[in-house]
Amino acid sequence: MGTLVIEDALIFDSSGRQPFRGTVVVKDNVIEDVGTRGEVSPPEGARVIEARGMFLMPGLIDAHLHLTGSRSGRIEEDLVTPIGVFFARAVRDLEALADAGFTTVVDAGSIVGLHLRDAVAEGTVRGPRVVAAGPVLSQTFGHADTHYLPVEWVDYRTTKKLTPFASLICDGEAECRKAARHAMREGADFIKVMASGGVLSQRDRPEYRQFTLEELRAIVDEARAANRWVHAHAEGKAGIVNAARAGVKIVAHCDMMDEEAAEEVLKAGATCVPTFAIDYRLLEEGQKLGVPEWGMRKIAELADIHLENIRRAYRMGVRLATGTDFSGGVGRHGENAEEVAIFVERVGMTPQEALIAATRNAAYAAGLEGRAGIVAKGALADLILVDGNPLDNVRVLTDRSKVRLVVRGGEVIKDSLSKA
């Protein structure tokens, strides 16, 4: 990939220190050097980009989304749309994410994302790095058990109709271990489990506990045996507490995380990815997009509770990372930086804290801690150059036209500087 130098930028390195004017040297896929003006000189023959004081920061990371190629919230979409159409749409979604400044995304469940991960890695598709779960683990009558279909149509191992959001139905410790192994056989980077009910599952509710503590511990044990981690959907308190006690690394949503549950998450050292953006998109657009009435009713019940609980968790010191839960239908990919703005405007974070949540903390959730989400020597060269300062106005990140340069692993995947 050669050597790239970004000179005279205002550098936010996500370490917690104040931004500084300086230069970054990228060689191949890593940051070879970073420092203030005068400390770092461009190597001979390097491509030099004059940043002219623009804001340089680590690439944004969405730590919980779904690359499904969905375009609505209607039940029938999965049943009548060919799988190839979902893949084609998701390719466009990846391009939109790249244009918005995302250099890594965590696909928390989809076959489409699992396969497109490899297409991005080989250079066939332009987009952010994809860290993928593939088929998710759900108990019978769980959040990923599509309740209105015969169970043999739902399970990835028996279905005759392949849909983007596939699941592995498992009950009891032995079945849970085997399902985790099957997900890894399919290529999963981590294991996604449904530890509680949810909003967009027909017959359960978010507060319902799903999987026993023993079942979750068995899944965590299998993941750790293969140097992977577990990422849990957990909206209700019981699911959150069980996930933390089982050793789950990432707890998603956390709608009903009261003080006691937050203490368990803190004790476990887990990270919460609250996914607020999907709440507000559901409330604003869900009915128009065909989300069933039972889903709309549940999100209306939860939204305010969710926000208040995460505000308290933030004050308590729970590590938070940005993730949208967007699928392309309810929640359009490319608009994912909305979550960063929500962290500032609704949760009460400072802009600096929100940027760290969207970079360094989200890199932890992606299994890339110490390698991505930072601007430092030896880190992956995941960088974006922004025309504007998000520390002054975080909403500059929600304007794709302000994201002028995107570098993922040393490769330029968006460059609009020449159009200035």
Side-chain angles (χ1 to χ4, degrees), residues 64-94 96 107-116 132-169 186 192 194 196-206 208 210 233 235 253 275 277-303 324-336:
H64 185 110
L65 54 64
H66 301 279
L67 293 166
T68 63
S70 297
R71 290 296 181 264
S72 77
R74 294 182 175 85
I75 288 171
E76 63 269 21
E77 184 180 22
D78 280 1
L79 301 178
V80 301
T81 308
I83 192 69
V85 174
F86 287 119
F87 272 90
R89 292 171 179 171
V91 168
R92 295 296 184 220
D93 289 342
L94 283 166
D107 188 302
S110 90
I111 300 305
V112 174
L114 184 67
H115 295 168
L116 288 182
V136 305
L137 275 60
S138 173
Q139 67 169 48
T140 300
F141 184 56
H143 181 54
D145 178 358
T146 311
H147 305 148
Y148 47 81
L149 293 177
V151 69
E152 63 270 18
W153 292 18
V154 175
D155 193 287
Y156 179 64
R157 295 161 291 192
T158 56
T159 187
K160 299 298 188 292
K161 168 62 174 165
L162 190 59
T163 60
F165 194 79
S167 57
L168 298 164
I169 305 298
E186 292 299 305
K192 169 69 180 299
M194 300 305 191
S196 81
V199 168
L200 296 180
S201 41
Q202 183 187 15
R203 293 183 177 136
D204 64 6
R205 288 190 53 82
Y208 292 2
Q210 295 183 355
H233 163 105
E235 298 189 55
H253 315 307
T275 67
I278 193 66
D279 291 3
Y280 303 120
R281 291 302 170 88
L282 277 166
L283 291 170
E284 292 162 9
E285 303 177 356
Q287 194 168 23
K288 179 179 70 175
L289 289 166
V291 173
E293 182 274 333
W294 39 261
M296 294 301 300
R297 184 177 65 250
K298 284 188 277 185
I299 193 60
E301 293 171 6
L302 275 179
T324 59
D325 207 13
F326 283 3
S327 66
V330 181
R332 290 176 292 278
H333 289 307
E335 299 176 4
N336 308 59

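Just so it is clear, the structure is predicted and the values come from calculations on it, not from any experiment.
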Pairwise side-chain contact, Phe165 with Val136, heavy-atom cut-off 4.5 Å (strictly under):
yes
Where Leu289 and Arg71 come nearest, the two heavy atoms and their spacing
CD2-O, 4.2 Å
For Glu77, salt bridge (Lys or Arg N to Asp or Glu O under 4.0 Å) partners two or more places apart
Arg89
Is a side-chain N or O of Arg157 found less than 3.5 angstrom from the main chain of Ile169, in a donor-acceptor match?
yes
Are Lys161 and Asp78 side-chain neighbours, meaning at least one heavy-atom pair lies under 4.5 Å?
no
Let me confirm one number: the CG-CG distance from Leu114 to Leu67, rounded to the nearest 0.5 Å.
11.0 Å
Between Thr158 and Val151 the two heavy atoms that sit nearest each other are OG1-O, 4.4 Å
Just wondering, do Pro206 and Lys298 contact through their side chains at under 4.5 Å, heavy atoms?
yes
Within the 3.5 Å criterion, strictly below it, is a donor on Gln139 or Asp145 matched to an acceptor on the partner's side chain?
no
May I ask you to decide if Thr324's main-chain N or O and His64's side chain share a donor-acceptor pair within less than 3.5 Å?
no
How far does NE2 of His233 sit from CG of Asp325, to the nearest 0.5 angstrom?
8.5 Å
If you define the side chain from C-beta out and look only at heavy atoms, does anything of Val330 sit under 4.5 Å from Glu285?
no
Would you confirm whether Asp155, through its side chain, and Leu168, through its main-chain N or O, come within 3.5 Å as a donor-acceptor pair?
no
On a heavy-atom basis, which atom in Ile278 and which in Thr275 lie closest, and how many Å separate them?
CG2-O, 3.3 Å
Which residues share a salt bridge (Lys or Arg N to Asp or Glu O under 4.0 Å) with Glu301, sequence neighbours left out:
Arg205
With the side chain counted from C-beta on, respond yes when Pro135 and Ile111 share a heavy-atom pair under 4.5 Å apart, and no when they do not.
yes
Under the ring-ring contact (aromatic ring centres under 6.0 Å, His included) test, residues paired with Phe141 that sit two or more places apart
His147
On a heavy-atom basis, which atom in Pro164 and which in Thr68 lie closest, and how many Å separate them?
CG-O, 3.4 Å
Between Leu94 and Leu116, is any pair of side-chain heavy atoms under 4.5 Å apart?
yes
Pairing residues for Arg92 by the side chain to side chain donor-acceptor pair (under 3.5 Å) criterion, not counting sequence neighbours
Glu95
Are Glu293 and Gln287 packed together at the side-chain level, in the sense that at least one heavy-atom pair is separated by less than 4.5 angstrom?
no
Test salt bridge (charged side-chain N to carboxylate O under 4.0 Å, His left out) on Lys160 and Glu152; report intermediate values, then the result.
CA-CA 8 Å; Lys160 299 298 188 292; Glu152 63 270 18; over 6 Å; no
Please round to the nearest 0.5 Å and tell me the distance separating atom OG1 of Thr163 and atom OH of Tyr156.
10.5 Å
Residue list, ring-ring contact (aromatic ring centres under 6.0 Å, His included) with Tyr208, at least two apart or on another chain:
none
For the residue pair His66 / Ser110, report whether a side-chain donor-acceptor contact shorter than 3.5 Å exists.
no
Taking CH2 in Trp153 as the centre, count heavy atoms belonging to other residues, nucleotides or ligands within less than 6.0 Å. Is the count above 12?
no
Show your reasoning for whether side chain to side chain contact (heavy atoms under 4.5 Å, CB included) applies to Phe326 and Arg332.
CA-CA 6 Å; Phe326 283 3; Arg332 290 176 292 278; 5.8 Å; no
Taking side chain as C-beta onward, heavy atoms only, is Asp279 less than 4.5 Å from Ile299?
yes
For His333, ring-ring contact (aromatic ring centres under 6.0 Å, His included) partners two or more places apart
none
Measure from the side-chain N and O atoms of Lys192 to the backbone N and O of Gly109, and report whether any donor-acceptor pair falls under 3.5 Å.
no
Met194 and Ser138: which non-hydrogen atoms are nearest, and at how many Å?
CG-CB, 4.3 Å
Minimum heavy-atom separation for His143 and Val199, please, with both atom names.
CE1-N, 4.1 Å
